[in-house]
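Written out below as structure tokens is the structure these notes cover.
Throughout, residue positions are numbered sequentially from 1 according to the sequence presented. Just so it is clear, the model here is predicted, and its values are computed rather than measured.
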Amino acid sequence: MKITIIGTGYVGLVTGACLAELGNDVFCLDVDQKKIDLLNNGGIPIHEPGLEEVVARNRAAGRIQFSTDVAASVAHGEVQFIAVGTPPDEDGSADLQYVLAAARNIGKHMTGFKVIVDKSTVPVGTADRVSAALREELAARAGDPAASFSVVSNPEFLKEGAAVEDFMRPDRIVIGHDNSAEGEKAAAKMKKLYAPFNRNHERTFWMDVRSAEFTKYAANAMLATRISFMNEMANLADQVGADIEAVRHGIGSDPRIGHSFLYAGAGYGGSCFPKDVQALERTARQYSQDLLILRAVEAVNDKQKLVLGQKVVQRFGADLSGKHFAVWGLAFKPNTDDMREAPSRVLLRQLLDAGATVAVYDPVAMAEAKRVLALDLTPSELARVRFAASPKDALTDAEALVIVTEWKAFRSPDFDQIKAALKQAVIFDGRNLFEPAVMAEAAFEYHGIGRSILTRT
Ligand SMILES: NC(=O)C1=CN([C@@H]2O[C@H](COP(=O)(O)OP(=O)(O)OC[C@H]3O[C@@H](n4cnc5c(N)ncnc54)[C@H](O)[C@@H]3O)[C@@H](O)[C@H]2O)C=CC1
Ligand SMILES: O=C(O)[C@H]1O[C@H](OP(=O)(O)OP(=O)(O)OC[C@H]2O[C@@H](n3ccc(=O)[nH]c3=O)[C@H](O)[C@@H]2O)[C@H](O)[C@@H](O)[C@@H]1O
């Protein structure tokens, strides 16, 4: 099938590459000339395991192309995926300017029948706005009188760091369409497109457009709620002297709760949970409804991002001037170089505000961290941050090690080496990578999240 993907970011590039892998003829459009040039020169703008190989293979086979040519992109695909960003507006609602600009571009150039797929995460009712924008553009020009379209909602559930795997082996495919003749025609094309992922369509959920749009927000809101719930339990566990990891196993074994996504930590970050929780709250407010749970989820998460830094201050004092710390992990989660809303940015702000100097290390996010921290910090603050060459290098002369991201490479470190490099054998572990008892045996002072069982003994 001939497919156009509008927006060649995390979602657009992964969608395009994976659909090409299945034999489709894919045209990826972006407004960012630098990104398109990089892709055309064999580069990949993001770190995503397995993506480079899939893109390279399909480029070589002539099944995927990258361009900024809007007219050519509209002419190419019978199915047009809109996968542009939907960042938060000033009031927290999703900013739809890029989605609507993409829709208008399609309306300006289209001929014949097109399936327009809202792949971006967009508030309930957006498909109607996309349709209206298309209709306006079609009415404003003397184009093909037979031009027609149907807008379907096909939200994306992939996780960064596992995006190719998630896309290729989805646990569900949600498709919302209307039951007009065009809507049914669009649904038939979507069914054909997604057939290779689930031959009997056992994983495809067909529904109306608004329910599909809502499903995406409800899913992210539920996941964010689990995390904030566990973080709140962890903070209480710290107070009462319980171990949140034991509690996690204890509750996760109830199939109604399940083991996944129950990890307490340094708070959730990334480009999606923070903005989607806010956007859903904003949608509710438009209908005079206050989503009390989500307000709390957000408030708990904002507080949670401060917990690691507070533990450092409690241990080393409010004035950290003259003190130096090692920080392992900068990306908002492992296997990505994404620093959007990363808890590490809050931690660095706290340590620097208290007067400390830091040495930071991340296996893949160093370049992105340099870019982002140059925006977050003043030049004099930035001068107190050293970008280390390795985990070991970051440790030199630090009072303590603070772990913010659970990269695999941090899971089995050489503890003797850590102890030798640090001034004091103290570890603050924002992701509960180690066992308190093992750390005690190795003579480390260990501060996890919700694991005060150790300090009690
Ligand atoms: N990043 C993720 O893990 C996931 C993101 N989503 C949703 O998917 C959407 C896209 O997110 P990301 O891929 O992370 O965004 P991104 O920021 O990585 O990529 C968006 C791309 O769209 C391009 N763009 C903007 N306007 C354009 C236009 N008019 N024509 C062509 N290209 C245009 C931008 O230059 C950029 O390259 C968002 O709504 C997000 O919430 C959904 C599931 C997962
Ligand atoms: O809409 C989106 O963009 C995506 O948002 C999340 O994916 P992502 O943000 O890539 O990463 P997650 O693995 O969900 O992690 C998000 C944050 O929650 C944190 N987290 C996750 C799980 C957990 O148990 N505890 C926890 O603190 C992570 O450290 C990270 O900061 C969802 O998991 C995807 O299904 C969804 O498609």
Side-chain angles (χ1 to χ4, degrees), residues 157 159 161-162 166 171-172 218-270 272-274 277 292-312 314-315 328-329 332-335 343 347 401-408 410-413 415 426-457:
F157 298 97
K159 301 181 288 299
D166 284 350
D171 33 47
R172 81 287 217 191
N220 275 0
M222 169 65 104
L223 293 168
T225 302
R226 274 172 85 91
I227 298 170
S228 276
F229 176 82
M230 286 308 284
N231 282 334
E232 205 160 47
M233 292 301 111
N235 296 339
L236 183 57
D238 262 339
Q239 297 298 317
V240 301
D243 180 1
I244 195 67
E245 281 299 290
V247 175
R248 178 173 68 78
H249 290 300
I251 63 173
S253 51
D254 180 335
R256 293 171 301 177
I257 297 175
H259 288 287
S260 310
F261 244 76
L262 280 188
Y263 293 89
Y268 62 74
C272 293
F273 287 170
V277 166
L292 298 174
I293 292 177
L294 288 194
R295 242 192 315 141
V297 164
E298 221 190 324
V300 168
N301 195 55
D302 289 345
K303 257 175 71 184
Q304 194 65 23
K305 285 185 173 174
L306 298 169
V307 164
L308 252 188
Q310 282 162 350
K311 284 179 188 270
V312 175
Q314 259 163 31
R315 170 64 176 74
W328 281 5
F332 84 96
K333 62 180 276 190
N335 299 324
L347 172 81
L401 166 64
V402 190
I403 302 175
V404 196
T405 318
E406 68 277 31
W407 284 95
K408 275 210 181 78
F410 302 155
R411 284 182 186 270
S412 299
F415 286 113
V426 182
I427 296 182
F428 297 90
D429 179 358
R431 298 292 170 183
N432 291 343
L433 295 186
F434 311 125
E435 276 310 310
V438 175
M439 299 308 287
E441 209 166 296
F444 273 95
E445 183 185 316
Y446 179 68
H447 302 266
I449 304 286
R451 314 204 73 183
S452 66
I453 183 94
L454 174 73
T455 41
R456 200 164 50 87
T457 52

(message) If I compare all heavy atoms of Lys311 with all of Ile449, which pair ends up nearest, and what's the gap?
(response) CE-CD1, 4.2 Å

(request) List in chain and number order the residues that pass ring-ring contact (aromatic ring centres under 6.0 Å, His included) with Phe434, two or more places apart in sequence or in another chain; answer none if no residue qualifies. (result) Phe415

(message) Just so I know, are the side chains of Arg315 and Phe428 near enough to count as touching, which here means a heavy-atom distance under 4.5 Å?
(response) yes

(request) Mark yes or no for whether Asp429, through its side chain, and His447, through its backbone, hold a donor-acceptor pair below 3.5 Å. (result) no

(message) With rounding to the nearest 0.5 angstrom, report the CG to CD distance, Leu347 to Gln310.
(response) 11.0 Å

(request) State the CD1-CH2 distance between Ile427 and Trp328, to the nearest 0.5 angstrom. (result) 7.0 Å

(request) Taking all non-hydrogen atoms of both residues into account, name the closest pair between Ser452 and Ala237 and its distance. (result) OG-O, 3.3 Å

(request) Please tell me if the side chains of Val312 and Leu308 come closer than 4.5 Å, counting only heavy atoms from C-beta onward. (result) no

(request) Please examine the side chains of Val300 and Lys303, heavy atoms only from C-beta on, and report whether any two atoms are closer than 4.5 Å. (result) no

(request) Measure the spacing between CZ of Arg248 and CG of Leu262 and express it to the nearest 0.5 Å. (result) 7.0 Å

(request) Flag the pair Asn335 / Trp407 as yes when at least one side-chain heavy-atom distance between them is below 4.5 Å, and no otherwise. (result) yes

(message) With rounding to the nearest 0.5 angstrom, report the CZ to CE distance, Phe261 to Met230.
(response) 12.5 Å

(message) Please determine whether the number of non-hydrogen atoms from other residues, nucleotides or ligands lying under 6.0 Å from atom CD1 of Ile257 exceeds 12.
(response) yes

(message) When you measure from the side chain of Arg451 to the backbone of Asp243, do you find a donor-acceptor pair of N or O atoms at a distance under 3.5 Å?
(response) no

(request) Output the distance between atom OG1 (Thr225) and atom CD (Glu298), rounded to the nearest 0.5 Å. (result) 11.0 Å

(message) Using side-chain heavy atoms (C-beta onward) and a distance below 4.5 Å, is Tyr268 in contact with Asn220?
(response) no

(request) Starting at NE2 of His259, measure out to CG of Asp254 and round the result to the nearest 0.5 Å. (result) 9.5 Å

(message) For Phe157, does the six-membered ring have the charged nitrogen or CZ of Arg172 within the cation-pi criterion, i.e. under 6.0 angstrom from the centroid and within 45° of the normal?
(response) yes

(request) Please examine the side chains of Leu292 and Arg295, heavy atoms only from C-beta on, and report whether any two atoms are closer than 4.5 Å. (result) yes

(message) So which atom in Arg431 and which in Pro343 form the shortest heavy-atom distance, rounded to 0.1 Å?
(response) NH2-CG, 3.7 Å

(message) Please find the pair of heavy atoms, one from Ala266 and one from Val404, that lie closest to each other, and give the distance.
(response) CB-CG1, 4.5 Å

